[in-house]
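Presented below is the structure to which this report refers.
Chain A is the first sequence line, chain B the second, and so forth, proteins listed ahead of strands; every chain is numbered from 1.
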Amino acid sequence: MTGFDMARILITSALPYINGIKHLGNLVGSQLPADAYARFMRQTGNEVMFICATDEHGTPAELAAAKTGEAVADYCARLHGVQAELAKGFRLSFDHYGRSSSARNHRMTQHLAGRLAENGLISEVSEKQVYSHADGRFLPDRYIEGTCPNCGYTRARGDQCEECTKQLDPTDLIEPRSAISGSTDLEVRETKHLYLRQSALKDRIDQWIDSQQGWPILTTSIAKKWLHDGDGLQDRGITRDLDWGVPVRKGDQPWPGMEGKVFYVWFDAPIEYISATAEWADANGLDDAAWERWWRTDKGADDVRYVQFMGKDNVPFHTLSFPATIMGSGEPWKLVDYIKSFNYLNYDGGQFSTSQGRGVFMDQALDILPSDYWRWWLLSHVPENSDSEFTWENFQASVNKDLADVLGNFASRVTKFCRSKFGEVVPEGGAYGPAEQAVMAEIATRLAAYETHMAEIEIRKATAELRAIWVAGNEYLQSAAPWAVFKEDPERAAAIVRFALNLIRLYAILSRPFIPDAADAMALAMNVADESWPHDLDDALTALPGGHGFSVPENLFDKITDEARDEMAARFAGKA
RNA sequence: GGGCCUGUAGCUCAAUUGGUUAGAGCAGAGCGCUCAUAACGCUUUGGUUGGGGGUUCGAGUCCCUCCGGGCCUACCA
C-alpha cells in the first residue's frame, strides 16, 4: 500500500460514549489517529468514507440524564451536539458523525438480530437479575453495592470488590442496596435474555483472525486470548431490561417473550458503523446504493479496504462480537481488513480521571490552546506500542521546539527576509542548482518514508519523518545563506528564496494530516489553492513561480511559557 | 492465580524481525550564523539494552529465571 493506488477506504473510529465530555486519552485512542489517517488518504487521492458516532444507549446514559433532570433522549441529543462541536474544534474530518440511537440503527440492529435468529445463532437464556422496586428497574451488577463477604468492605460493587479485588456475584453481597437510590428493597427476579452464540462461530472467527497479515500484536493477542482462554469463546447476552435502547424485534416482527427489552449497548454500537453510513447518505440526499457500496460486497464494496481504530478496551468487540454478528447474518457485509488498536495515555504519573477532575478534557484543551498544538503532541506521542504519558514539560517542549521553532520560525524567517529584500512577491531570476537538488533528494527519501509509515498507520514514525522534512528546510537555509549571498549575487539569492517559499507551500500540504489549521495558514500566506500531493518534487517545488504574490503570515505558533505551563499543571492536577 | 504487553542515553522513542562499531529528537557542552518567534546550523558528552544464566560463529532481538511497570481475566489453558 503506497497510498497511490486510488483505493476506496472505509475508516471508522470507536464510538465515544455519550455520558460526558471525553478526555485527551479517549481522543488519542481512536478518533485523532483515525482522522490523521483519513486526511492523508484523502490527500493522496483515495476515496475515503470516515465514520464516527456517539454511543448512546445503556444504564450510564440513563443515570446521567436522571442527574440533570432531562429525559434521556433529550440528554443524548444535547450531549451529541456538544461532542460534535468538540469534534469540529479538534478538526476531526468525519464524513458523518452519527448517533447509535438513530432510526437507521434501530432498523439495522433489529434486522441483523433477526438474521442471526434465522440462522440459529441466537439462544434464549433465563437468568436471575436483581430488581429494585424503589428504582423501578433491573440493576446491572455494578450498580448494586453492599458489604464484601470476603473482606468486609462496605462499598463493594456487585461485580467486584474494589478493596480485595475479588470477583463477586451480586447475590454474594451482604446487605445489598441500590447504588442509584440506596434502597434495600431489592428482589432477585427471573428474566429471559437473548444470547449471541459466538461459540458456534468460534472456528470461523479463529481462522479469519489467523488469515490477517500485519495486525498490531495488541489486536491479535487480545483476540486470541478471548478465543482460546478456558472453554473458548463464550456466548454473550445481547439484551437488557431497560427502557432506553433499541427495542428487541426480530427484523420488523415482534419477538415473543422479549417485550419491553432492548438490545445491549455493545451489540448495537458497532452496528452503528453501518447505520451511520446510511445516515450519511440520508443527510446528503443520496439513495441506499450510495452507502451500500461501502458495506455490501455484493453491491460494490468488494474493493473497499476497511480500517478500524480503537483503544485496547474495545478490541474484543471488534475482533469477535461484531465479526460474529456480521458473519452470522449470512449476508455479504464488509468485514474489517485492518484493526489498529492503541494503548492508554496516562496523565502525569496516573490515569485520567473524570470523577476526580484529573487530566485535560476536550473542552478544556480547546479553551487553553488551539487544536493543532494538541493534535501534534498527541499524534507524535500516540500510545502505539505501550501506554504513554502526558506531562506538561514534555508537551511544552514538543510544541515549542517542533511547532514554533522548527516549522513556525522557518515560515517566519523565509517570508520576512523575502519581504525585506524583494517585497511580498516570489522573486524571479536565478536558477536552482546543486544545493536545491540535494535538499530535494533528501526530502524525496523522507517523503517516501513518511508515505509508507502513514499507509502502514505507524503514526509516530510518520510524525518523526515529517519533522525531519521541516528540519531539512532550516538546514538548507543555513547553508545557502541568502542573507549573505544577496550582497554579492541578488539573482542567486532570489532563487534560494523562491525555493524556500516553495518549501513552505510543500509543508502546508505534507503537514495537513496532523496540523490542519497551520496548513491552512501556510497555504493562505503562500496564496495557493492547489494542494495536490507532491508526487513529483521538481514540480512541487516550482509550483510558486516568480512574480507570484504572497503574504507574511502571523506567527504560526506561540510558545508556551514556563509560567503558563506551571499554571496549567496546577489547574488540572485534580482534587487532592 | 493465569495470560498478554512492556523495561534501550537524564527524558520521549528507534533498531530492516538473529547479522558490522545500538541510533534519533529533547535536555547538557562547545563553535558558527545573524534572515527569523533569544529562533537556525554544525560538532560533541552520554548506554554492561532492568539483573543473572543459557542457546548460537554472532543476542537489544530466541530460551530459562529473578526484579519493576501496565493491561486483560478468573480458578481454566
[N] versus [M] - spacing of their [atom1] atoms, nearest Å:
N: A59(B); M: G19(B); atom1: C1'; value: 10 Å
N: U20(B); M: U12(B); atom1: P; value: 27 Å
N: C33(B); M: G41(B); atom1: C1'; value: 7 Å
N: G18(B); M: G54(B); atom1: C1'; value: 16 Å
N: U55(B); M: U48(B); atom1: P; value: 25 Å
N: C66(B); M: A29(B); atom1: C1'; value: 39 Å
N: U8(B); M: A15(B); atom1: P; value: 14 Å
N: C76(B); M: A24(B); atom1: C1'; value: 45 Å

Q.
Show me the dot-bracket string of RNA chain B, counting Watson-Crick or G-U pairs under 3.5 Å, with | for pairs to another strand and [ ] for crossing ones.
A. (((((((..((((.....[...)))).(((((.......))))).....(((((..]....))))))))))))....
Q. Residues from residues 414-429 of chain A sitting under 4.0 Å of RNA chain B, heavy atoms only?
A. Lys416(A), Phe417(A)
Taking N or O atoms only and anything under 3.5 Å, show me the protein contacts with nucleotides 22-26 of chain B, one pair per line.
from   : atom 1 : to        : atom 2 : distance (Å)
G25(B) : O3'    : Arg467(A) : NH2    : 3.3

Q: Output the distance between atom OH (Tyr273(A)) and atom OG (Ser13(A)), rounded to the nearest 0.5 Å.
A: 6.5 Å
Q. Counting only N and O atoms by type, is there a donor-acceptor contact under 3.5 Å from the side chain of Tyr507(A) to the main-chain atoms of Met522(A)?
A. no
Q. Would you find a donor on one side and an acceptor on the other, under 3.5 Å apart, between the side chain of Asp517(A) and the backbone of Asp372(A)?
A.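 Checking the backbone N and O of Asp372(A) against the side chain of Asp517(A), no donor-acceptor pair under 3.5 Å is found.
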Using a 4.0 Å heavy-atom cut-off across all strands, classify [X] as base, sugar-phosphate, or nothing.
X: Ser398(A); answer: nothing
X: Phe410(A); answer: nothing
X: Leu556(A); answer: base
X: Val471(A); answer: sugar-phosphate
X: Asn555(A); answer: base

Q.
Assess whether a salt bridge exists between Arg91(A) and Asp35(A), defined as any Lys/Arg side-chain N lying under 4.0 Å from an Asp/Glu carboxylate O.
A. no
Q. For Asp562(A) and Gln396(A), does a side-chain donor sit closer than 3.5 Å to a side-chain acceptor?
A.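 Their side chains do contain a donor-acceptor pair, which is all the 3.5 Å distance test asks for.
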Q: Verify whether one side chain among Asn394(A) and Trp377(A) offers a donor that lies under 3.5 Å from an acceptor in the other.
A: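 Looking only at side-chain atoms, Trp377(A) and Asn394(A) do form a donor-acceptor pair, the distance falling under 3.5 Å.
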Closest listed nucleotide, where the reference is the side chain of [X] and the choices are [options]:
X: Asp405(A); options: C13(B), C40(B), C4(B); answer: C40(B)
X: Ser412(A); options: C72(B), U37(B), G41(B); answer: U37(B)
X: His381(A); options: U12(B), C13(B), C35(B); answer: U12(B)

Interatomic distance where [atom1] belongs to [X] and [atom2] belongs to [N] [whole Å]:
X: Phe342(A); N: C72(B); atom1: CZ; atom2: C1'; answer: 19 Å
X: Phe557(A); N: A39(B); atom1: CZ; atom2: C1'; answer: 15 Å
X: Lys224(A); N: C71(B); atom1: NZ; atom2: C1'; answer: 20 Å
X: Lys312(A); N: C71(B); atom1: NZ; atom2: P; answer: 7 Å

Give every pair of a protein N or O atom and an N or O atom of nucleotides 30-34 of chain B that lie under 3.5 Å apart, one pair per line with the distance.
from   : atom 1 : to        : atom 2 : distance (Å)
G32(B) : N2     : Gln478(A) : NE2    : 3.2
C33(B) : O2'    : Trp483(A) : NE1    : 3.4

Q) With nearest nucleotides of RNA chain B determined for Ala404(A) and Ile217(A) from heavy-atom distances, which residue corresponds to the more 5′ nucleotide? A) Ile217(A)
Q | Nearest-nucleotide comparison on RNA chain B, the residue closer to the 5′ end among Leu407(A) and Glu389(A) | A | Glu389(A)
Q.
As a test of the definition: with a 90° window around 0 for syn, would you call U55(B) syn or anti?
A.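 In terms of base orientation relative to the sugar, U55(B) is anti.
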Q) Is there a side-chain contact (heavy atoms from CB on, under 4.5 Å) between Asn26(A) and Tyr17(A) once you walk through the steps? A) CA-CA 10 Å; Asn26(A) 299 129; Tyr17(A) 197 67; over 6 Å; no
Atom pairs under 3.5 Å, N or O on each side, protein against nucleotides 67-69 of chain B: can you list them with distances?
none

Q) Arg460(A) side chain N/O closer than 4.0 Å to the phosphate oxygens (OP1, OP2) of C13(B)? A) yes
Q) Quick one: is Lys225(A) getting a side-chain N or O under 4.0 Å of the A77(B) phosphate, OP1 or OP2? A)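 No.
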Q | Partners passing salt bridge (charged side-chain N to carboxylate O under 4.0 Å, His left out) against Arg236(A) (at least two apart in sequence or in another chain) | A | none
Q: Applying ring-ring contact (aromatic ring centres under 6.0 Å, His included) between Trp376(A) and each of Phe395(A), Trp470(A), Phe90(A), report the one that passes.
A: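 Answer to the ring-ring contact (aromatic ring centres under 6.0 Å, His included) test with Trp376(A) among Phe395(A), Trp470(A), Phe90(A): Trp470(A).
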(Q) Taking the side chain as everything from C-beta on, heavy atoms only, tell me whether Val426(A) gets closer than 4.5 Å to Pro545(A). (A) no
**Q.** Asn502(A) and Thr542(A), any side-chain heavy atoms less than 4.5 Å apart
**A.** no
Q | No-H, no-angle donor-acceptor pair, Asn409(A) side chain to A36(B) base, under 3.5 Å | A |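 Answer is yes: a donor-acceptor pair is held.
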Q) How far apart are the C-alpha atoms of Phe390(A) and Tyr347(A), what are their side-chain angles, what is the distance that settles it, and do they pass the ring pair (Phe, Tyr, Trp, His ring centres under 6.0 Å) test? A) CA-CA 5 Å; Phe390(A) 177 92; Tyr347(A) 179 83; 5.7 Å; yes
